[in-house]
S.K.: 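Please see the structure below; I have some questions.
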Amino acid sequence: MAGEVLRRLASGLSRAPGILLDALLPPECLVCEAEVAEQGTLCAACFRGLTFIADPLCARCGVPFAHDGQAERGADGALLCPRCSASPPAFAAARAALRYDDAARRLILPLKHADRTELALPLARQMARAGAALLNHAEIIVPVPAHWRRLLTRRYNQAALLAQALAALARLPCIPDALRRVRATPPLGERSAAERAVAVEGAFRLRARTASRIVGHSILLVDDVMTSGATAEACARVLRDAGAHRVLVLAAARVPDPRLGG
Ligand SMILES: [Zn+2]
Ligand SMILES: [Zn+2]
């Protein structure tokens, strides 16, 4: 009898762990300990602390502008930042949901370093909103890969978790291991855009086994944080060289360009 009850409990657990937890614990904000109405959400104060990236922004790389006057008009009338205007990136467009500030860090760093994998879905929801236009054109979702040494210590790639959550929301296929990082890149913390570009040069390769699935398709490349765009650029080049029709980039957050003050 007890065995039967345990077995039923166990099968219930494996089917719907979230539902069981909801019934046992009052749902808490993903960031602080405030009570919320629904599991997996933010309290009003933490939500208000986030800055969602909105217009005006560069039509190409998505960098936010403090005002329209910082933009230049592209041939099709689209607003472009000076960098994209001078030398267009390998990706067709990049967008991010959040400005990478202290409030965004409190969501993204625990996903990256502290096994808080349940943060992937709420972040992916915000990415789906910010990248709705990109998702309309995307056919396959691919994450920026982590180096295998990092996977040994952290066990998962946070960009892959975001890519898989986003793929489920958008009902698109995801190839989590389409790209591989063949060289560990040093922490890029304080480096300039040019130094970052050098640091990631040649760091990514396409996995031979999945290469044929990329050819002729629009690929949505997913990362947690976009800084200078050097990583996105390096991955986009690899995908384009492999025959991808176009590469779009969607990040959970992005570091605003200090020169634009956005
Ligand atoms: Zn909160
Ligand atoms: Zn730009």
Side-chain angles (χ1 to χ4, degrees), residues 5-6 8-55 57 62 64 94-136 138 141 143-144 146 153-172 174 176 220-227 249-256 262:
V5 170
L6 272 179
R8 257 190 285 155
L9 252 181
S11 73
L13 267 176
S14 63
R15 260 205 316 275
I19 291 169
L20 190 73
L21 273 178
D22 280 355
L24 297 177
L25 307 167
E28 266 182 14
C29 169
L30 286 167
V31 172
C32 70
E33 291 176 0
E35 240 179 79
V36 289
E38 198 188 327
Q39 194 89 46
T41 56
L42 294 176
C43 73
C46 288
F47 192 82
R48 271 199 307 272
L50 295 170
T51 306
F52 295 91
I53 293 178
D55 284 332
L57 43 78
R95 293 292 182 271
L98 301 167
R99 186 190 170 104
Y100 194 52
D101 53 17
D102 286 343
R105 268 182 212 103
R106 283 195 284 275
L107 276 173
I108 292 171
L109 292 181
L111 169 67
K112 200 166 177 165
H113 301 293
D115 285 347
R116 295 278 313 279
T117 53
E118 80 278 13
L119 290 165
L121 181 60
L123 282 167
R125 283 205 189 99
Q126 296 307 326
M127 293 164 76
R129 186 194 46 77
L134 272 56
L135 282 165
N136 277 339
I141 300 185
V144 167
T153 51
R154 294 198 192 143
R155 294 184 295 135
Y156 60 87
N157 170 13
Q158 72 280 1
L161 293 184
L162 292 171
Q164 283 163 320
L166 200 57
L169 290 172
R171 297 175 196 278
L172 286 171
C174 175
L220 184 77
L221 180 73
V222 167
D223 206 355
D224 54 346
V225 181
M226 185 168 171
T227 306
V249 181
L250 187 52
R254 90 168 278 155
V255 178

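The first residue in the sequence is number 1, and the count goes up from there. On a predicted model such as this, the values are computed, not experimentally measured, just so you know.
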S.K.: Drop me the distance from Leu121's CG to Gln164's CD, to the nearest 0.5 angstrom.
M.R.: 12.0 Å

S.K.: Among Leu162, Asp223, Val222, which one satisfies side chain to side chain contact (heavy atoms under 4.5 Å, CB included) with Val144?
M.R.: Asp223

S.K.: Could you grab the distance from atom CZ of Arg254 to atom CZ of Arg99, nearest 0.5 Å is fine?
M.R.: 11.0 Å

S.K.: Just wondering, do Leu220 and Leu172 contact through their side chains at under 4.5 Å, heavy atoms?
M.R.: no

S.K.: Rounded to the nearest 0.5 Å, how far apart are CG of Asn157 and NZ of Lys112?
M.R.: 9.5 Å

S.K.: Return the minimal non-hydrogen interatomic distance between Pro176 and Pro143, and the atom names on each side.
M.R.: O-CG, 3.3 Å

S.K.: Looking only at non-hydrogen atoms, find the nearest pair between Leu57 and Gly62 and report the distance.
M.R.: CB-O, 3.7 Å

S.K.: Mind checking the CG-CG spacing from Leu161 to Leu166? Nearest 0.5 Å is all I need.
M.R.: 12.0 Å

S.K.: List the residues meeting side chain to side chain contact (heavy atoms under 4.5 Å, CB included) with Asp115, not counting sequence neighbours, and say none if there are none.
M.R.: Arg155, Tyr156

S.K.: Within the 4.5 Å heavy-atom criterion, are Gln158 and Leu119 side-chain neighbours or not?
M.R.: no

S.K.: Calculate, to the nearest 0.5 Å, the distance between atoms CE and CG belonging to Met226 and Asp224 respectively.
M.R.: 12.5 Å

S.K.: For Ala96 and Ala253, which heavy atoms make the closest approach, and how far apart are they?
M.R.: CB-C, 3.8 Å

S.K.: Using the side chain to side chain contact (heavy atoms under 4.5 Å, CB included) criterion, which residues pair with Asp102? Sequence neighbours excluded.
M.R.: Arg105, Arg106

S.K.: Between Glu118 and Leu30, what is the shortest heavy-atom contact and its length?
M.R.: CG-CD2, 4.1 Å

S.K.: Just so I know, are the side chains of Leu169 and Leu135 near enough to count as touching, which here means a heavy-atom distance under 4.5 Å?
M.R.: no

S.K.: Supply the atom-to-atom distance Gln126 CD to Ile53 CD1, rounded to the nearest 0.5 angstrom.
M.R.: 12.0 Å

S.K.: Among all residues two or more places apart in sequence or in another chain, which pass the side chain to side chain contact (heavy atoms under 4.5 Å, CB included) test with Ala45?
M.R.: Cys43, Arg48

S.K.: Give the minimum heavy-atom separation between Cys46 and Cys32, together with the two atoms involved.
M.R.: SG-SG, 3.8 Å

S.K.: Minimum heavy-atom separation for Arg129 and Ala97, please, with both atom names.
M.R.: NH2-O, 4.1 Å

